[in-house]
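A short worksheet on the structure shown next.
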Amino acid sequence: IPDPTPDLGEVIIEIKASGMCGSDLHQYRAPRGSRAITTAGHEPCGVVADIGPGVTDRQARIGQRVMDHHYGGCGACVHCHDGWTQMCEEGSVVYGNTGDGAHAQYMKVPAYTLVPMPDDMSFSTGAAVSCGTGTAFGALQRLNLSGRDTIAIFGQGPVGLSGTQLSVAMGARVIAVDIVEERRKLALEFGADAAIDPSDGTAVQQIQELTQGRGVDCALDCTSSPEARAQSVRACKPWGRACFVGMGGDVTFEVNNEIIKKQMTVMGSWTFSASGQADCARFVMERNVDVDALFTHRWKLEQAKEAYELFDAGKTGKGVFEF
């Protein structure tokens, strides 16, 4: 496809790093012809290469290092004004899904989607903050996680591993849950107190044993698996908090005993706002969170076929295309 040119209010980002996210696999696995053909990649990070008419210096400058809040909206509704463009009342464009994304040398976006980067942040870290790490950060804020808490994180893919890193940086005790041994090892390297295999169906019992029979203060499900979602609720102690970020699927609860009588709070968290993305970037830099350690594989764009095949197997950490 031809390189994009900016229209009114738009900019071109020269991509320097574009992360791979579990959500990319929804399109990758979809039957041919069932989805619109767009350029993938919703973790964009790079420099401003071109500016369209109507874009002010306050919005963008040539050569500026930027991340992108990868949603486009109407710009006028309450959600757009609050920075939650993905919730736009008129419907949103998701760059890398319904609009062209960052698995390309250049990407065209509205200027209002740009999020400035800290000067000393690497482009690969910026890419992770643009979705996976930012999503984990937003969920932990929703959970009001603190150093007093023990949290169980179900799924140690890119988002779950980010949740482990960030929770440790916030002072919490982390119990990581994943069926893949390689990912459990990574979680322990990132500071998890324990990493358990739920394959035999005893995840909740194992978590109870690790918490003196009480359960965890809060749980984060990054899998979208019905079993993991149900276990994340059951693993919480009374007055516990559970948050779902894995997209798709469903879950069934026994409401009386598992929700009402435990006084549970169950919530969802959908990525983050534009200001939340900037907050995550600041937190990562101030707390020296080694987000780059998430990347077990770094690829050139011409290696996309190999990269997606390996990522689809579910046995890696995070992958990133670097330009």
Interatomic distance, Y71 atom OH to F272 atom CZ [nearest 0.5 angstrom]: 6.0 Å
Check against side-chain contact (heavy atoms from CB on, under 4.5 Å), H103 and F321: CA-CA 7 Å; H103 289 357; F321 293 108; 3.6 Å; yes
Aromatic ring proximity, centroids under 6.0 angstrom, F283 and F137: yes
Pairing of E189 and K185 as salt bridge, 4.0 angstrom limit: no
Whether H42 and H70 hold their rings parallel, tilted or perpendicular, with breakpoints at 30° and 60°: tilted
Gap separating the CD1 atom of I15 from the CD atom of Q105, nearest 0.5 angstrom: 9.5 Å
Salt-bridge present (R234, E258; N to O < 4.0 Å): yes
Exam field: side chain S122 to backbone T125, donor-acceptor pair closer than 3.5 Å: yes
Student check: side-chain heavy atoms of R241 and D149 closer than 4.5 Å: yes
Flag, side chain of Q303 to backbone of E306, donor-acceptor distance under 3.5 Å: no
From CA spacing to verdict: salt bridge (charged side-chain N to carboxylate O under 4.0 Å, His left out), R29, D312: CA-CA 9 Å; R29 293 168 177 165; D312 189 36; 2.6 Å; yes
Modelled atom types, side-chain donor and acceptor of Y112 and T85, under 3.5 Å: no
Non-hydrogen side-chain atoms of L25 and Q27 separated by less than 4.5 Å: no
Carboxylate-amine/guanidinium proximity below 4.0 Å for D217 and K237: yes
K318 NZ to M20 CE distance, which is reported to the nearest 0.5 Å: 9.0 Å
Min side-chain heavy-atom separation V291-S162 under 4.5 Å: no
Pair T164-L186, side-chain contact (heavy atoms from CB on, under 4.5 Å): steps then yes or no: CA-CA 10 Å; T164 293; L186 283 171; over 6 Å; no
Side-chain touch I1/T39, heavy atoms, less than 4.5 angstrom: yes
Audit row: Y95, H69, side chain to side chain donor-acceptor pair (under 3.5 Å) steps and yes/no: CA-CA 9 Å; Y95 297 106; H69 186 247; over 6 Å; no
Trace of the salt bridge (charged side-chain N to carboxylate O under 4.0 Å, His left out) decision for D100 with K108: CA-CA 8 Å; D100 286 327; K108 180 171 72 171; over 6 Å; no
M247 CE: over 12 foreign heavy atoms closer than 6.0 Å: no
Verdict with supporting geometry, R184 and D197, salt bridge (charged side-chain N to carboxylate O under 4.0 Å, His left out): CA-CA 8 Å; R184 294 197 301 273; D197 182 353; 3.7 Å; yes
Among I196, T211, I175, side chain to side chain contact (heavy atoms under 4.5 Å, CB included) partner for Q206: I196
Check: I207 and V216 side chains under 4.5 Å, non-hydrogen atoms: yes
Gap between atom CG of D82 and atom SG of C77 - 0.5 Å precision: 8.5 Å
R65 to F123, cation-pi by 6.0 Å centre distance and 45° axis angle: yes
Pairwise side-chain contact, E89 with H79, heavy-atom cut-off 4.5 Å (strictly under): yes
Note: R183-E181 ion pair, threshold 4.0 Å (strictly below): no
